[in-house]
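Notes for the one structure printed next.
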Amino acid sequence: MFHHVVLFRLRPGITLERVRRAREQLSRLAETLPAVLHFAVTHNVAVENGGYTLALFSAFENERAYEIFTRHPEHVRVITDDLAPVVEA
């Protein structure tokens, strides 16, 4: 099993609707692409979160499955079109 965790900072002024859309699009990836064992996007509610307000937790069958997932055109599209506009680099 291969785990992947990402913490994000939301851009100032981003609406909750934009955040929800990005979360939904990310979650749909896990439903449609193979070898994803676990995929969750949630708000980071830790008291000492370092400004990271959104967290992504995922698990794949192995590292190769993760690599295929990250290069998949739909993953690239969701990152570019839905996630990048709402999070800071």
Side-chain angles (χ1 to χ4, degrees):
M1 186 179 304
F2 184 83
H3 296 273
H4 177 62
V5 176
V6 182
L7 298 175
F8 302 101
R9 285 187 179 106
L10 294 174
R11 292 181 189 269
I14 295 297
T15 66
L16 184 56
E17 182 56 36
R18 291 282 309 267
V19 175
R20 282 187 182 138
R21 181 167 190 259
R23 286 177 61 183
E24 288 170 3
Q25 293 298 317
L26 284 166
S27 295
R28 283 191 187 127
L29 287 175
E31 297 169 5
T32 58
L33 299 180
V36 179
L37 303 176
H38 174 77
F39 200 91
V41 181
T42 186
H43 289 287
N44 182 9
V45 295
V47 174
E48 296 184 28
N49 65 18
Y52 295 99
T53 51
L54 197 63
L56 179 150
F57 303 95
S58 56
F60 299 85
E61 290 178 357
N62 52 46
E63 189 172 356
R64 178 76 176 126
Y66 163 76
E67 291 169 358
I68 291 169
F69 178 85
T70 60
R71 291 185 180 106
H72 192 282
E74 185 60 11
H75 176 264
V76 173
R77 186 202 63 77
V78 168
I79 297 302
T80 302
D81 295 350
D82 299 306
L83 187 62
V86 302
V87 298
E88 295 179 344

Checklist entry - When the ring planes of F69 and F60 are compared, do they come out parallel, tilted or perpendicular, using 30° and 60° as the limits? => result tilted

Next on the checklist: Let me confirm one number: the OG1-CZ distance from T42 to R23, rounded to the nearest 0.5 Å.
Outcome noted: 5.5 Å

Checklist outcome for this item: Rounded to the nearest 0.5 angstrom, the CG-CZ distance for L83 and R21 is 11.5 Å

Checklist entry - Is there a donor-acceptor pair closer than 3.5 Å between any side-chain N or O of H75 and the backbone N or O of T70? => result yes

Item to check | H43 to L54 - nearest heavy-atom pair and separation | outcome: ND1-CD1, 4.2 Å

Item to check | Shortest non-hydrogen contact from A22 toward V86 | outcome: CB-CG2, 4.1 Å

Item to check | Gap separating the OH atom of Y66 from the CG atom of L37, nearest 0.5 angstrom | outcome: 14.5 Å

Checklist entry - Where do F39 and S58 come nearest, in terms of heavy atoms and distance? => result CD1-CB, 3.6 Å

Next on the checklist: Check for me, please, whether I68 and V36 land in the same ILVMFWY cluster - side-chain distances under 4.5 Å, paths through other members count.
Outcome noted: no

Checklist entry - What closest approach, in Å, do F2 and N62 show between heavy atoms, and which atom pair accounts for it? => result CB-C, 3.5 Å

Validation: residues 6-17 side-chain donor-acceptor distances under 3.5 Å, sequence neighbours left out:
from : atom 1 : to  : atom 2 : distance (Å)
R9   : NE     : G50 : O      : 3.4
R9   : NH1    : Y52 : OH     : 3.4
R9   : NH2    : G50 : O      : 2.8
R11  : NE     : A84 : O      : 3.4
R11  : NE     : P85 : O      : 3.2
R11  : NE     : V87 : O      : 3.0
R11  : NH2    : A84 : O      : 3.3
R11  : NH2    : V87 : O      : 3.2
T15  : OG1    : R18 : N      : 3.2

Checklist entry - Looking at CD1 of I79 and CD of Q25, how far apart are the two atoms once the value is rounded to the nearest 0.5 Å? => result 11.0 Å

Item to check | Residues forming a side-chain hydrogen bond (donor to acceptor under 3.5 Å, both in side chains) with E74, sequence neighbours excluded | outcome: R77

Checklist entry - Within a strict 4.5 Å, meaning less than it, do heavy atoms of the V76 and R71 side chains meet? => result no

Next on the checklist: According to side-chain contact (heavy atoms from CB on, under 4.5 Å), who are the partners of A40, at least two apart in sequence or on a separate chain?
Outcome noted: H38

